[in-house]
Amino acid sequence: MITNTRLTTPATPAASTAPAAPTAPTEEARYEEELARGLVAADEEAFAAIYRRWGSLVHTMATRLLGDTYEAEDVTQQVFLGAWHGRAGFRPERGPLGAWLVGITRRKIVDALAARTRRLTLIDSAGRDADTAGADEAAPDRVLDRVLLVDALARLPRHQREVLCMAFYEDLTQAQIAERTGMPLGTVKSHARRGLHRLRLVIEQPPVPDTDL
């Protein structure tokens, strides 16, 4: 005789509705928070550690986007100077220190690209106006720009001056300049880069106030 037996399924435990315990910050995150607190407190040792930790990242970003080592070095310096002077504006609740520095880097790179465009526009305009300078009456500020540019070019080392003049006044590519002068292409690029860097320093320096009143 077979008796009916009642089979019971084992009860499954009810899903826990308790919130998960917050994950403890990693040692690296704690160190970054400590550096951020040091920055806000104007701790120079913390700032030096911040530079050692993120300086190469900032420089690499700038080099990749600008394609110029000299400009990348300038941007890197500007980023960390900006971080130091603007340290009171850091808000840890908005993101970690590294992300804040990357944001400053992007803005400084945009500023550098805009400044480069202004410089090249100025030089190109001066080159186009060179042949027609006497045909019309240029505005005083444009005349001053040309004078400053010619003076800055005259003060460059000879090879840098020749490379830039051929590039801007004769519209030659760097490969064509290398072929004409017999210089290696890498040397031409180096002269152009260094020459533009010197021109930028001259063009962007503030005017000397006139004291002969």
Side-chain angles (χ1 to χ4, degrees), residues 22-125 145 148-149 152 156-157 160 163-164 167-168 173-174 185-207:
T23 306
T26 63
E27 182 178 350
E28 185 173 348
R30 287 195 298 269
Y31 179 58
E32 185 171 330
E33 291 171 0
E34 180 182 346
L35 291 179
R37 287 192 295 270
L39 173 66
V40 174
D43 185 332
E44 294 183 3
E45 290 186 4
F47 183 65
I50 288 169
Y51 181 81
R52 288 193 299 270
R53 187 177 179 86
W54 283 287
S56 60
L57 171 64
V58 169
H59 188 270
T60 299
M61 284 181 61
T63 302
R64 286 177 180 172
L65 293 174
L66 294 171
D68 187 293
T69 304
Y70 291 99
E71 283 189 292
E73 290 173 357
D74 288 344
V75 164
T76 302
Q77 182 179 7
Q78 291 168 22
V79 167
F80 286 95
L81 284 175
W84 177 256
H85 293 304
R87 60 188 180 273
F90 173 68
R91 296 289 181 268
E93 64 273 11
R94 297 180 183 174
L97 179 59
W100 185 65
L101 289 171
V102 167
I104 297 176
T105 303
R106 287 173 178 158
R107 291 193 294 274
K108 296 297 184 183
I109 289 172
V110 169
D111 291 344
L113 289 172
R116 176 192 292 178
T117 301
R118 290 193 299 270
R119 291 195 306 273
L120 293 178
T121 301
L122 170 63
I123 293 172
D124 183 62
S125 174
D145 286 342
L148 290 175
L149 177 61
L156 291 179
Q160 294 177 15
V163 166
L164 290 183
F168 295 123
T173 66
Q174 291 180 336
L185 181 58
T187 302
V188 171
K189 291 181 177 180
S190 176
H191 285 323
R193 184 170 59 246
R194 291 173 184 271
L196 281 174
H197 179 68
R198 287 172 180 251
L199 283 180
R200 181 172 68 114
L201 295 179
V202 172
I203 292 171
E204 292 185 351
Q205 67 184 0

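Residues take their numbers from the sequence shown, with the count starting at 1. Atoms considered below: every heavy atom in the structure, side chains included; atoms not considered: hydrogens, waters and symmetry mates. Here the structure is a predicted model, which is why all the values come from computation and not from measurement.
The shortest non-hydrogen separation linking L57 to V102 is CD2-CG2, 4.2 Å. Residues V163 and A192 approach most closely at CG1-CB, 3.9 Å, considering heavy atoms. Across E71 and A112, no two heavy atoms sit closer than the pair OE2-O, 4.1 Å. Minimum interatomic distance between V58 and T105 (heavy atoms only, all atoms of both residues): CG2-OG1, 3.5 Å. The shortest heavy-atom contact between A83 and L101 is CB-CD2, 3.7 Å. Taking all atoms of both residues into account, the shortest heavy-atom contact from Q160 to H191 is CG-O, 3.6 Å.
For the atom pair CZ of R107 and CD of Q78, the computed distance is 12.5 Å after rounding to the nearest 0.5 Å. Here K189 contributes atom NZ and L185 contributes atom CG; the two are 4.5 Å apart, rounded to the nearest 0.5 Å. Distance check: L164 CG to R194 CZ gives 13.0 Å after rounding to the nearest 0.5 Å. Distance check, rounded to the nearest 0.5 Å: OG1 of T69 to NE2 of H197 gives 11.0 Å. To the nearest 0.5 Å, atom CG of residue L65 and atom NZ of residue K108 are 15.5 Å apart.
With a 4.5 Å cut-off on side-chain heavy atoms, L97 and W54 count as touching. Two residues are said to be in side-chain contact when any heavy atoms from C-beta on lie closer than 4.5 Å; L113 and I109 meet this criterion. Counting only heavy atoms from C-beta outward, the side chains of R106 and M61 approach each other to under 4.5 Å.
The environment of CZ in R193 is crowded: more than 12 heavy-atom neighbours from other residues, nucleotides or ligands sit within 6.0 Å.
Legend: residues meeting side chain to side chain contact (heavy atoms under 4.5 Å, CB included) with E34, ordered by chain and number and at least two apart, are Y31, R37. Not counting sequence neighbours, the partners of W100 by the ring pair (Phe, Tyr, Trp, His ring centres under 6.0 Å) test are F90. The side chain to side chain contact (heavy atoms under 4.5 Å, CB included) check on T173 picks up A175, Q176, with sequence neighbours excluded.
Residue pairs satisfying the salt bridge (charged side-chain N to carboxylate O under 4.0 Å, His left out) criterion with at least one member in residues 53-62, sequence neighbours excluded, are listed as follows: E28-R53. Screening residues 80-97 for side-chain hydrogen bond (donor to acceptor under 3.5 Å, both in side chains) gives no qualifying pairs among residues at least two apart or on separate chains.
At distances below 3.5 Å, not a single donor-acceptor pair connects side-chain atoms of S190 with backbone N or O atoms of G186.
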What side-chain donor-acceptor pairs closer than 3.5 Å can you find for residues 43-51, not counting sequence neighbours?
{"residue": "D43", "atom": "OD1", "partner": "E45", "partner atom": "N", "Å": "2.9"}
{"residue": "D43", "atom": "OD1", "partner": "A46", "partner atom": "N", "Å": "3.3"}

